[in-house]
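Reminder, nothing fancy here: chain letters follow the sequence lines and each chain counts from 1.
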Amino acid sequence: MRRIVAISERVQETPSTATLRFHDAPPARPGQFVMVWIPGEDELPMSLSYVGPSKGITVKRMGAASGRLTELAVGARLGLRGPYGNAFDPSPARILLVGGGSGTAVLAPAAEAARAAGGEVTAALGGTTAAEVLFADRLLAAGARVRIATDDGSRGHAGYVTDLAAELLAAEPFDAVWSCGPEVMMRKVLEAAAPRGVPVFCSVERQMKCALGLCDACALGPFHVCTDGPVFPAAALRPLEEFAGFQRDASGRRIFPRSPGERSRAG
Amino acid sequence: MRRIVAISERVQETPSTATLRFHDAPPARPGQFVMVWIPGEDELPMSLSYVGPSKGITVKRMGAASGRLTELAVGARLGLRGPYGNAFDPSPARILLVGGGSGTAVLAPAAEAARAAGGEVTAALGGTTAAEVLFADRLLAAGARVRIATDDGSRGHAGYVTDLAAELLAAEPFDAVWSCGPEVMMRKVLEAAAPRGVPVFCSVERQMKCALGLCDACALGPFHVCTDGPVFPAAALRPLEEFAGFQRDASGRRIFPRSPGERSRAG
Amino acid sequence: MAALAVKVGDLPFRNPLLLASGIWGESGDSLLGAYTAGAGGVVTKSIGSAPRAGYPNPTVEELGRCGFLNAMGLPNPGIDAYPVEIAHARAHGVPVVGSLFGHDAAEFARLAGRMEATGVVALELNLSCPHAEGLGAEVGQDPDRVREITRAVRAAVRCPVWVKITPNAAAPEELARAAEEGGADAITAINTVRGMAIDPTLRRPVLAHGLGGLSGPAIKPIGLACVWKIWEAVRIPVVGVGGIGSASDVVEYLLAGAAAVQIGTAVAFEGIGLFGRIAGELPALLDSLGFDGPAAAVGAAHAGRQPH
Amino acid sequence: MAALAVKVGDLPFRNPLLLASGIWGESGDSLLGAYTAGAGGVVTKSIGSAPRAGYPNPTVEELGRCGFLNAMGLPNPGIDAYPVEIAHARAHGVPVVGSLFGHDAAEFARLAGRMEATGVVALELNLSCPHAEGLGAEVGQDPDRVREITRAVRAAVRCPVWVKITPNAAAPEELARAAEEGGADAITAINTVRGMAIDPTLRRPVLAHGLGGLSGPAIKPIGLACVWKIWEAVRIPVVGVGGIGSASDVVEYLLAGAAAVQIGTAVAFEGIGLFGRIAGELPALLDSLGFDGPAAAVGAAHAGRQPH
Ligand SMILES: Cc1cc2nc3c(=O)[nH]c(=O)nc-3n(C[C@H](O)[C@H](O)[C@H](O)COP(=O)(O)OP(=O)(O)OC[C@H]3O[C@@H](n4cnc5c(N)ncnc54)[C@H](O)[C@@H]3O)c2cc1C
Ligand SMILES: Cc1cc2nc3c(=O)[nH]c(=O)nc-3n(C[C@H](O)[C@H](O)[C@H](O)COP(=O)(O)OP(=O)(O)OC[C@H]3O[C@@H](n4cnc5c(N)ncnc54)[C@H](O)[C@@H]3O)c2cc1C
Ligand SMILES: Cc1cc2nc3c(=O)[nH]c(=O)nc-3n(C[C@H](O)[C@H](O)[C@H](O)COP(=O)(O)O)c2cc1C
Ligand SMILES: Cc1cc2nc3c(=O)[nH]c(=O)nc-3n(C[C@H](O)[C@H](O)[C@H](O)COP(=O)(O)O)c2cc1C
Ligand code: FES
Ligand code: FES
């Protein structure tokens, strides 16, 4: 059922990214998403970046709808339905997070839950530039070890966050990798973890319309991201030509990226 | 919800009256009724004459639909919905039953429940003739005291069952009277009990269509028999000009009996 | 707190919650009972020229919480016997809307005169019962006949004439426009939606009539869409009906364009007390939504709406 | 135990449970997935001449267990891009029915030829989407246009042509008759029912398009009534759709006259596994009702039915 909430707090996380908080009762687990109705504009799937009684979403300005969302002020009203989808499983394990850009939004509450469950969390975060690295302080505050990579080298490692991930996987034992970001990034993480037998779980994004497993907009091979995901184990994703291969646009046409990492949300 | 049941047993109770038994799960209390669909014919409200796991109705042949019902054989299928309506309250009290004709059908399970609850039951039963007196043996078996009146004097008191009731009320203390039969009969019972302050509960019949409190077919003053009844306390019935005054036909027109006791089911 | 009084055209009601036709409308005591329970007004059962028993039972099928199917077959005592029931309700000050059905314009006009004489505050023409041969929707699906019947009734009486529209049409809003052209003072929308249920074991339709009309929560979206389109198509007020069971449902209908609403099936779910409950909840709900009364909400969901 | 194989006209399916158009029909993997899960066949999303993004979100509104409202706006990759999806499903032997939409007879005929070339086992003409301007029901509510479009498609292809009818009409059975006259091989009924939802707080329709189509349990009685009337009006087979979610629902549709059924909304309630579950339950249910297969039940609730 749809609920109308008012934005209770707004935090500008990075120049392109804002967190919107709201009081919302239905329980949710880290990894789940909601459908966010921006009246008069659109309705977008957004992972919950806060899952307590005061929930939150963390939105990166991309097109018209996400742009409008990041501009909303405290008090503005949104429609919400959900939470939908599955979640990360916070176990008392050694977890490596690999987040690209706003992908870190969904990893942060998962990391907090893992820490609360007694886990050890190492986060490798990527951003285009230092100012765009998301939630580094939040993760530090949660007791995670944080490593950073930026495309322009303005903070941490100069280059891809996947380099950091590969380095960490080579150097240390992990029980699981949780990743969210551009698919080319996640595919690289998959490949890096595979030979070591570390299970990887990726949060995947696709066009969404119904979020109910009906309309097929979010089809991903034999899966539907809205009901089978958004979190998928590596074993499910690796065989899919779609994964880091093609997306579908709103019409359902297959859209092949012109170059890997083309999408501006890339970490 | 409607259920289809097969008749598991059929008992010819009197020349005009048959009991049909069927296995039916939903719990019911004595006094409640079901809507009985006779496929291709009609759907009639019928009090439950048995309320255990094997339920039953006891039907007197009146018109086409009830006639068809009394002719059905074991194995024939009926549609049922309900149970609907309220019930008699079986308390460990001294109870006088006053039943006219097939009206005794609903009193029998109520008497059994009252006996099971430790009550004392006296039954005054009326019929046109000895063969038409219903459930006398069943009530005896349940440990009730049974008195009988017949119009033709072929068994027990020659005359109205209301004479018996008045006599019993004058002679003995009762905690409650439960009655079902023609309304002129029940009105007399009401009047006989009133000066003694004995509470009377009557099971009343009206045209029924929806049995859901929607269609108004069963309107009885400010009440609806299907949802407020069929069991009413005397205080509710006494002021109503309808009660033993007029019924409504299927069109909703007020139908005034030409003479008291005109209806052939009269006890 | 928002006051609840509304007007449908010039006709005032103490609140926008009317009892729908065919529910609790056979006896004067029931009409009075609905009003006493909190309804702002009541609509009678649809009345015809002669007594009519309606179809045999089963006349109703329950569909869980989604609603009911019914094929009552327009049972009614007829215009000769019914006035005593209206008189009883009128004697207690109940604003009664008299619902009528007939075969043609002449019969409607004759019935209208008789019904007006009982002191009803308005007439409602049932051009929309989905399961009566030669009556109801069968006459009400043709805009020309709707216009003609409305015109004949309009000429025969002085009181307001409401025309009740069927959703079983390609464009119910065109039927509403025809009624407006015929001189209707308001449109009531919707009547039940054609439907049926079949019993698998008995291999036959459940309702004795076969086809019936769907009512209750299942049809709320259908009723809202009709009211929405009709509001855009006509300038006379619309009375919304279909699946209403809560104060929030009422507000949805107001926003779609209904000046008042009618409630039927929900009475079976909750009892007649729902009128009092909703009337009790509505002022606070309207307040919280920023409306100073029902009238302020009417049509407010239409972008760039014109007050009408 | 009753075997489940059925034929719609001459066209065989391993069981009578088809995936309805617009559900899981965008990707070849999903079409295959529905078949693997137990569907007897699948219908594609409705495909048009050019890629179409559909309406902005919200495109769907949940109405509890009564169903959904949707106004997708016929999103589809277009007839140039879509064949790759069908090819994938066909490669695994899935019987695919290709659904089409267009503005006029010429466009439908052109699309039909293209679609037939993909190897679909039949075409389904969507003359019934309730919320697309100049498309769907807007062309499908006029018997003359239904006849004309059907005729043009019939002349352009060799495979069976099914025509999908809207319930948003005074008499959907007349639209079916027009399709039969135009040479249709089967009728699919029904598409969604026009409806809408309004958000009281935001004072606006929930769906971005405003109006949408109602599906799910709420419309089962409406679909049954349409199939019932259409079965009586035409001699070609009927494919029933609307609110089916159980084996018993399937039997109700068979008894009303459906030779096969389609399932849409229930996939959201239960997941695609419902095809396997219902296919698993149906034989025993048919047995217990005394039918030796689905075909024996078709139309069996019509009194004095003629096999057809
Ligand atoms: C389960 C799920 C969770 C999500 N969680 C978040 C979240 O927490 N925070 C967040 O900011 N966003 C999240 N998204 C993405 C979000 O729903 C929108 O897709 C995004 O905000 C862009 O929407 P838009 O309409 O503003 O832009 P659009 O108009 O759709 O796109 C703007 C630009 O971005 C490009 N683009 C959009 N999507 C993609 C893509 N998938 N791949 C490549 N290029 C693309 C377009 O080509 C275009 O150039 C999530 C998506 C899903 C499915
Ligand atoms: C709550 C309830 C419980 C009932 N329980 C039983 C029961 O346990 N056993 C049982 O046999 N019946 C019971 N009835 C009555 C039953 O529903 C039918 O009304 C009855 O069987 C006659 O139906 P019919 O269609 O066969 O006859 P109809 O065709 O309706 O009537 C046949 C004849 O009986 C006359 N008649 C019918 N009803 C009345 C009446 N109320 N007053 C005066 N004359 C009347 C008619 O005028 C006609 O002459 C109950 C009714 C109600 C409302
Ligand atoms: C049992 C029943 C009887 C009805 N009888 C009539 C009637 O006589 N005349 C009429 O115009 N509408 C009749 N209706 C339709 C209702 O007035 C109303 O339009 C419809 O039920 C939708 O509203 P609801 O969902 O609140 O019930 C009847 C509906 C029901 C359920
Ligand atoms: C999300 C959604 C999309 C649909 N898209 C189409 C479509 O593209 N073409 C079509 O003919 N019907 C479409 N329909 C209608 C369904 O095929 C079906 O006729 C209707 O939903 C009723 O069946 P159901 O109650 O089982 O869902 C769609 C329905 C839904 C819910
Ligand atoms: S968004 Fe519709 S199936 Fe996933
Ligand atoms: S039988 Fe319909 S209200 Fe009682």
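Among the candidates D:G210, D:P205, D:P217, the residue making the largest number of heavy-atom pairs closer than 4.5 Å to chain C is D:P205. Per-residue heavy-atom pair counts under 4.5 Å with chain C were compared for D:R204, D:K220, D:K229, and the maximum is reached by D:K229. Note: C:P221 leads C:G195, C:A256, C:G290, C:P221 in heavy-atom pairs under 4.5 Å with chain D. Ranked by heavy-atom pairs under 4.5 Å with chain C, the first of D:P200, D:C66, D:S248, D:A218 is D:P200.
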Start with the C-alpha gap between C:F291 and C:L285, add the side-chain angles, then the distance that decides, and say whether side chain to side chain contact (heavy atoms under 4.5 Å, CB included) holds. CA-CA 9 Å; C:F291 296 113; C:L285 178 59; over 6 Å; no

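In this structure, D:S128 and D:I165 approach most closely via the heavy-atom pair CB-C, 3.4 Å.
Residue C:L69 touches chain D through its side chain alone, counting heavy-atom pairs closer than 4.5 Å. Of the two parts of D:L63, only the side chain, counted from C-beta on, holds a non-hydrogen atom closer than 4.5 Å to a non-hydrogen atom of chain C.
With rounding to the nearest 0.5 Å, the separation of CG in C:L224 from CD1 in C:I244 is 7.5 Å.
Looking at D:D287, its side chain does come within 3.5 Å of a backbone N or O of D:A2 through a donor-acceptor pair. Proximity of a side-chain donor or acceptor of C:N168 to a complementary backbone N or O of C:T192 within less than 3.5 Å is detected.
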